[in-house]
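Everything below concerns the one structure shown next.
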Amino acid sequence: MYKALVKPLLFNLDAERAHHLVFDNLRRAARVPGTQALLRGLYDFQHPGLAREVFGLKFPNPVGLAAGFDKNAALTDELATLGFGFVEIGTVTPRPQPGNPQPRLFRLPQDEALVNRMGFNNEGAAAVADRLARRRNRPLIIGGNIGKNKDTPNERAADDYVACFEALAEEVDYFVVNVSSPNTPNLRQLQEKKPLIELLQQVQARNLSRAQPRPLLLKIAPDLTDSQLDDILEIAHETQLSGLVATNTTISRADLSTEPGYVASLGAGGLSGRPLRARATEVIRYLYQKSGGALPIIGAGGIHSAADAQEKLAAGASLIQLYTGFIYEGPALVSRINRSLVPA
């Protein structure tokens with residue numbers, strides 16, 4: 001039904017407008033008695049063989065929703081009815097910010113891809129924490145993806161990440177430090193070894209001072225070289241990270257089917273979707289093999305089918321996340337993946 005009826009209507013709208021329309025309608029539908037039960041019946045496939053324990057958390061299934069879809073934790077209860085094993089909210093910054101000027105989200109249907117330069121648009125850590133504190137579906141595992149405000153200089157970036165950590169620590173189950181988005185000026189410079197160690201050490205020091213520390217992960221770009229990935233593994237060990245999220249969007253525009261002039265006209269932004277599948281899998285496999293499987297990896301990038309999900313898991317991912325595939329394939333993708341993963 002989604003691909004035959006809903007998707008054509010949404011794809012006739014501006015991409016960001018369609019996103020807000022889906023949010024509004026899902027929220028309204030959830031208020032109608034019986035709707036959440038209906039959605040669970042359609043999409044929430046459960047089986048004990050799908051359960052995973054990763055970095056000390058028990059996931060009912062390994063399929064999560066990536067950060068960027070529900071930036072402000074506005075729809076976690078409703079998204080839980082679609083069968084996700086976990087939802088990662090954000091990216092959240094300490095202070096509210098509008099993000100980059102619109103238009104800033106674009107579809108490439110020929111490639112089943114998106115280009116976005118959203119720029120960490122969100123309501124700020126305090127508003128997100130308050131909303132999470134009031135959520136009804138407490139068993140749902142929530143990840144908190146955190147970043148810095150656009151106007152915070154890199155030399156003070158750690159202050160922003162610590163502030164986000166402090167605001168959200170009681171409301172999320174794990175944290176992801178996002179220094180790999182291409183849409184905040186100079187943010188990716190924080191992936192360099194020295195500044196990244198300093199940043200993670202400050203966040204981790206605050207984390208480990210708590211009675212119940214949260215798993216702390218790092219989200220990395222697919223554009224890193226092998227030597228940079230080696231640095232990431234050293235940093236993860238030195239700063240006692242619980243895992244990695246591989247990968248974020250790419251700045252590459254290689255091997256696209258969409259007409260190059262149109263792609264160029266869209267301007268800067270991160271590319272996600274099918275074109276990212278192979279590179280994201282390569283990064284996961286490299287990290288898994290180099291670490292000897294000692295560091296849990298959440299795999300993301302180009303998952304549009306059950307086979308894509310199995311590829312990520314076979315490469316070494318412990319969990320996976322959907323974003324662009326969820327938009328192109330619809331909510332049934334979650335149950336299709338989970339059904340394919342049930343042990344024979």
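Values below: all heavy atoms of this structure, side chains included; hydrogens, waters and symmetry mates excluded. Given the structure is predicted, the values throughout are model-derived calculations rather than measurements.
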Ignoring hydrogens, what is the shortest heavy-atom contact between D223 and S252? Give both atom names and the distance. OD1-N, 4.2 Å
Has R188 got more than 12 heavy atoms of other residues, nucleotides or ligands less than 6.0 Å from its CZ? yes
In terms of heavy-atom contacts, does CD of Q212 have more than 12 from other residues, nucleotides or ligands at under 6.0 Å? no
Are the ring centres of Y43 and F84 closer than 6.0 Å? no
Do R214 and D173 have side chains that get closer than 4.5 Å, going by heavy atoms? no
Verify the neighbour count for atom NZ of K7: are there more than 12 heavy atoms of other residues, nucleotides or ligands below 6.0 Å? yes
Taking R27 first and then E78, would you say they form a salt bridge - that is, a charged N and a carboxylate O separated by under 4.0 Å? no
Atom of P182, atom of G269 and distance for their closest heavy-atom approach: CG-C, 4.3 Å
Of R107, R274, R277, K3, the residue whose pairing with E112 passes salt bridge (Lys or Arg N to Asp or Glu O under 4.0 Å): R274
Using a 6.0 Å cut-off, check whether atom NE2 of H47 has over 12 heavy atoms from anything other than its own residue. yes
Criterion side chain to side chain contact (heavy atoms under 4.5 Å, CB included) against I89, the qualifying member of V176, T76, N72, L79: T76
Is the count of non-hydrogen atoms from other residues, nucleotides or ligands lying under 6.0 Å from Y288 atom OH greater than 12? no
Go through it in stages, so that I can follow the logic: the residues are R210 and E170, the test is salt bridge (charged side-chain N to carboxylate O under 4.0 Å, His left out), and I'd like the CA-CA distance, side-chain angles, deciding distance and then a yes or no. CA-CA 10 Å; R210 294 175 51 83; E170 293 297 324; 2.7 Å; yes
So do the side chains of L196 and D231 get within less than 4.5 Å of each other, counting heavy atoms only? no
Are the side chains of I327 and F11 in contact, using a 4.5 Å heavy-atom criterion? yes
Between F59 and I141, is there a side-chain heavy-atom distance shorter than 4.5 Å? yes
Counting only heavy atoms not in D151, do more than 12 sit closer than 6.0 Å to its CG atom? yes
State, yes or no, whether a side-chain contact exists between R135 and R131 at a heavy-atom distance under 4.5 Å. no
Give a yes or no on whether a salt bridge exists between R279 and E282, defined as a side-chain N under 4.0 angstrom from a carboxylate O. yes
Going through the checks in order, is the side chain to side chain contact (heavy atoms under 4.5 Å, CB included) test met by L57 and F86? CA-CA 11 Å; L57 298 176; F86 60 108; over 6 Å; no
Any side-chain heavy-atom pair from I220 and L287 closer than 4.5 angstrom? yes
Check against side chain to side chain contact (heavy atoms under 4.5 Å, CB included), T249 and N116: CA-CA 9 Å; T249 58; N116 95 82; 4.1 Å; yes
With distance as the sole test, does Q204 use its side chain to make a donor-acceptor pair with the main-chain N or O of T239 at under 3.5 Å? yes
A side-chain contact here means heavy atoms from C-beta on lying under 4.5 Å apart; do N154 and K148 qualify? yes
Contact check, side chains of D230 and T225, non-hydrogen atoms, under 4.5 Å: no
Do other residues, nucleotides or ligands put more than 12 heavy atoms under 6.0 Å from R17 CZ? no
Using the ring of each side chain (for Trp, its six-membered ring), is F23 parallel, tilted or perpendicular to F69, with breaks at 30° and 60°? tilted
